[in-house]
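In what follows, a single structure is set out as structure tokens and then discussed.
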Amino acid sequence: MESSKLKSKNGSTSDKLSLSWDQRRPNPVSFDKNISTVNFALKDVKESVNHLILNSGEYTTLQISLVFQRKTGFFMIRLYAPFLLLVAISWLCFWIPAKMLALRLPLLLVVLYLMVHIGSEINGKSPPVSYTKGSDVWIAVCESLVFASFLETIVVHILYRKKEKNMCKNDPEAQNVLEMDEKMNRVKGDSSINLVASRLKCNGIMHKRIDRISAFLFPSLFVLFNFVYGLVYCCGRQ
């Protein structure tokens with residue numbers, strides 16, 4: 001709910017001219033409930049009389065408060081639903097193998113680009129204000145989560161490559177196995193090759209653990225954020 005106040009003050013002091021609403025009518029100010037804007041709907045009009053005391057004397061002021069209610073349909077379709085989908089898509093990178101950097105990074109970059117584009121479009125259609133809006137908080141947190149996924153992908157790939165190099169230096173036979181694994185994607189047939197490949201997989205499990213933890217941590221943080229966001233901006237502002 002948001003309100004806008006309109007004031008009207010007379011140019012004479014209260015002893016010469018006093019303004020008041022017509023008490024003979026139950027609602028001195030009436031309005032058409034069908035009047036609305038693209039983002040707001042006019043819900044109520046409240047009138048009041050204020051008394052101002054200045055150096056030049058006392059004045060009466062008629063005040064009208066217009067109460068607006070923000071329409072959520074526009075933001076649900078153009079902001080919240082797309083961002084929910086994009087954040088969920090970004091979690092797919094945790095299930096893609098660390099060695100497939102060429103697939104994980106473009107996915108996150110495309111998601112981040114779409115978020116920035118949609119956020120700029122929404123901010124362009126919202127009136128400029130001096131405070132932080134709920135949409136600003138939503139956009140900032142969602143983009144931060146996707147960017148954190150981007151950093152996690154970089155870290156996981158660095159750990160994967162570092163572990164791969166160390167194993168190749170310590171075990172010359174591993175170099176041949178890794179080259180065959182890159183071509184075949186899955187080693188089959190020769191028992192000696194399977195033995196070395198299994199040893200490499202056991203030694204390079206750190207990056208997989210990080211992906212598994214992230215696959216659980218990121219959705220949990222997002223669900224927690226939605227719960228707090230709903231309490232603050234949906235239930236806390238009536």
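Heavy atoms only: backbone and side chains are in, while hydrogens, waters and symmetry mates are out. Quick note: residue numbers are just sequence positions, from 1.
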- Query: Closest approach of Ile139 and Gly119, non-hydrogen atoms and distance?
  - Reply: CD1-CA, 3.7 Å
- Item | Same cluster (ILVMFWY, side-chain, under 4.5 Å), Ile213 and Val87 | no
- side-chain contact (heavy atoms from CB on, under 4.5 Å), paired with Cys93, selected from Val111, Leu108, Asp211: Leu108
- Establish whether Val228 and Tyr80 are linked, either directly or via other cluster members, by ILVMFWY side-chain heavy-atom contacts under 4.5 Å. yes
- Any donor-acceptor pair under 3.5 Å linking the side chain of His157 with the backbone of Ala98? yes
- Message: Tell me whether the rings of Phe225 and Tyr229 are parallel (<30°), tilted (30 to 60°) or perpendicular (>60°).
- Response: tilted
- Message: So, using side chain to side chain contact (heavy atoms under 4.5 Å, CB included) as the criterion, who are the partners of Leu114 when residues are at least two apart?
- Response: Leu86, Val110
- Item | Atom pair CG (Leu85) and OG (Ser90), whose distance is rounded to the nearest 0.5 Å | 10.0 Å
- Query: Do the two ring centres, one from Phe218 and one from Phe94, sit under 6.0 Å apart?
  - Reply: yes
- Are the side chain of Asp136 and the backbone N or O of Thr132 linked by a donor-acceptor pair below 3.5 Å? no
- CZ of Arg104 to CD of Glu152, rounded to nearest 0.5 Å, is 5.5 Å
- Query: Is the closest side-chain heavy-atom distance between Tyr233 and Val137 below 4.5 Å?
  - Reply: yes
- Task: Compare all side-chain heavy atoms of Ser120 with those of Val116 and state whether any distance is below 4.5 angstrom.
- Result: yes
- Below 4.5 Å, heavy atoms only, C-beta onward: do Leu159 and Val155 meet side chain to side chain? yes
- To the nearest 0.5 Å, what is the distance between CG (Leu221) and OG (Ser214)? 10.0 Å
- Query: Listed by chain and number, what are the side chain to side chain contact (heavy atoms under 4.5 Å, CB included) partners of Leu84, not counting sequence neighbours?
  - Reply: Trp138, Phe222, Asn226
- Item | Any Leu109 side-chain heavy atom under 4.5 Å of Tyr113 side chain | no
- Item | Interatomic spacing from CZ in Phe75 to NZ in Lys133 - rounded to 0.5 Å | 8.5 Å
- According to a 4.5 Å side-chain heavy-atom criterion applied to Ile, Leu, Val, Met, Phe, Trp and Tyr, with indirect links allowed, do Leu112 and Leu151 form part of one hydrophobic cluster? yes
- Does any non-hydrogen side-chain atom of Arg78 lie less than 4.5 Å from one of Ile118? no
- Could you tell me the separation between the OG1 atom of Thr153 and the CG atom of Leu103, rounded to the nearest 0.5 Å? 10.5 Å
- Rounded distance [0.5 Å steps], OG in Ser149 versus CD1 in Ile89: 12.5 Å
